[in-house]
Number of protein chains: 2
Amino acid sequence: MNNHSSKLKTQSKRGSPAPLVGRDSGKRDRILEAAVKVFAREGFYNAKVSQIADAAGVADGTIYLYFKSKDDLLISLFEDRMERINARMRDAITSETTAIGKLERLVHTHLDFVQSNRPMAEVFTVELRQSAKFIKEYANPKFGDFLRIFAGVIAEGQASGELANDLDPPLVARALFGAVDEIALAYLVGGTRKPHNDLAQAAKQISKLFIEGLRTDRRRTP
Amino acid sequence: MNNHSSKLKTQSKRGSPAPLVGRDSGKRDRILEAAVKVFAREGFYNAKVSQIADAAGVADGTIYLYFKSKDDLLISLFEDRMERINARMRDAITSETTAIGKLERLVHTHLDFVQSNRPMAEVFTVELRQSAKFIKEYANPKFGDFLRIFAGVIAEGQASGELANDLDPPLVARALFGAVDEIALAYLVGGTRKPHNDLAQAAKQISKLFIEGLRTDRRRTP
DNA sequence: CGCCACTGAATGAACAATCATTCATCCAAG
DNA sequence: CTTGGATGAATGATTGTTCATTCAGTGGCG
């Protein structure tokens, strides 16, 4: 197989080439950062490996010292960044004691991330779906973790009686993620128009919507 | 510009080639149907024009008699099918009198469509995002209409006092769409596992969640 | 009626780029 | 001197698009 592979199927030999801790460590990170920028701007399929190499300040071939293929580069990007996001999410809810408080935090944190990390958010929002469909082999466990954080909070809330227990936590988790993700997409694509533009405002509304939909105590907060 | 264009940028000369009502009409439709199948299976970028031609039973060149480019084919597909979906959605809510009833119908109808029209649903769920990002020029008005159906119902419900009016209808519309879309994605990708698999069940839960989150009368229905 | 020129839809082989990937070579550090 | 990370020009498979050619259907004409 030569060029134009990119069937986004998981590469056969698992794992990227050896970590390569040689000369200039940190080169792998530079490449990942460059990839974020280029993927965000061009989209995965339109992004050229040479563009990424340029942006990273390395030679084309160097990328293949750290990543098995263009596909592997994308996958590695997901793994790496998703891990950070999950950490941030878990971190955000430690201070909260109620499930409702945690849900609010999750939504706000997610949209904060979108706002403060636009390029990465674009990659996630747009390319993650492709991966979901094409990297079948690639289970994308990190994204599963992400959803599980949401589902966990909901399940806790149900257990404590704070939330009604007639809804399936994993399903609600997906729905909530989908809602927030779609808002993020509108924000990222739409540029600077509409009130949707105000992500903080949007976060408030989405939180309220879901919390009102979930809580047992049915008194709308002012 | 020769090959590998596909920047998904709107084609310069607007509109596909002349309708071509000549010899075999219906050929355009055959091509569109073939495109759905192939795009669903391979994804837009991995789909070869020749595969579509094969599936449609026409020659490669024939496709360019009906569509300006591969990109144009995808756009045309969106336009064409989205129109049908919108019609179906509008149709589904005519019989309902309450906003709440309409919302339920919309969610169920959407997920019905996913279940009964898998290939097209895959294309929409996965490729529509790309288009949102890359076909900037292409406003995708039909998708706007789709969202407006949801927003309209919510606004009506607010006006009639049926729904609380502290949430922005377009925002909620997006959120609801996002939630349903994500459920659809999980269903389409996940194959046959989990309770999520039961889309009818999922539709019920999502409806309930949003309706409870929106209604003014805050008494949870059994 | 039969024939022929004409139209334009359809074809598909050929074209022209494009790009992911490779690898012979270089060179800095140990 | 040796090692192995880095380079980037070269490769060659791939594929969107074109266009010269084919040919079925049409209608004018004798």
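The model shown is predicted, which means the values in this text are computed figures rather than measured ones.
- If you take CG of Leu65(A) and C1' of dG8(D), they are 13 Å apart, rounded to a whole angstrom.
- A distance below 6.0 Å separates the ring centres of Phe210(B) and Phe210(A).
- You'll find the ring centres of Phe143(A) and Phe124(A) outside the 6.0 Å limit.
- A close approach under 4.0 Å does not occur between any side-chain nitrogen or oxygen of Ser50(B) and OP1 or OP2 of dT15(D).
- The separation between Lys70(B) atom NZ and dT15(D) atom P is 9 Å, rounded to whole Å.
- Side-chain proximity of Thr62(A) to the nucleotides dT7(D), dT21(C), dT17(D) is greatest for dT7(D).
- For Asp60(A), counting side-chain heavy atoms from C-beta on, the closest listed nucleotide (dT17(D), dA6(D), dT21(C)) is dT21(C).
- One interatomic measurement links the two molecules: CD of Glu42(A) to C1' of dT18(C), which rounds to 15 Å at whole-angstrom precision.
- Close to dA9(C), at under 4.0 Å from its OP1 or OP2, lies no side-chain N or O of Lys27(B).
- Put simply, Tyr66(B) has no side-chain N or O that comes within less than 4.0 Å of OP1 or OP2 on dA9(C).
- Counting only heavy atoms from C-beta on, Tyr64(B) has its side chain closest to dT18(D) among dT21(C), dT11(C), dT18(D).
- Annotation: His110(B) is not in aromatic contact with Phe150(B) [ring centroid separation under 6.0 Å not met].
- Note: CG (Leu73(A)) to P (dA20(C)) measures 11 Å, nearest angstrom.
- We find that CD1 of Ile63(B) is positioned 14 Å from C1' of dT18(D), with the value rounded to whole Å.
- Distance Tyr45(B) OH to dT18(C) C1': 15 Å, rounded to the nearest Å.
- Residue Lys48(B) has its side chain nearest to dG16(D) when only dC19(C), dG5(D), dG16(D) are considered.
- Across the protein-nucleic acid pair, Leu74(A) atom CG and dA20(C) atom P stand 13 Å apart, rounded to whole Å.
- A salt bridge is absent between Lys102(B) and Glu96(B): the closest approach of a Lys/Arg side-chain nitrogen to an acidic carboxylate oxygen does not fall below 4.0 angstrom.
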Query raised in the report: Does the pair Lys37(A) and Glu33(A) meet the rule for a salt bridge (charged side-chain N to carboxylate O under 4.0 Å, His left out), with working shown?
Result: CA-CA 7 Å; Lys37(A) 275 191 234 152; Glu33(A) 272 161 41; over 6 Å; no
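- As a whole-Å value, the separation of Phe44(A) CZ from dC19(C) P is 13 Å.
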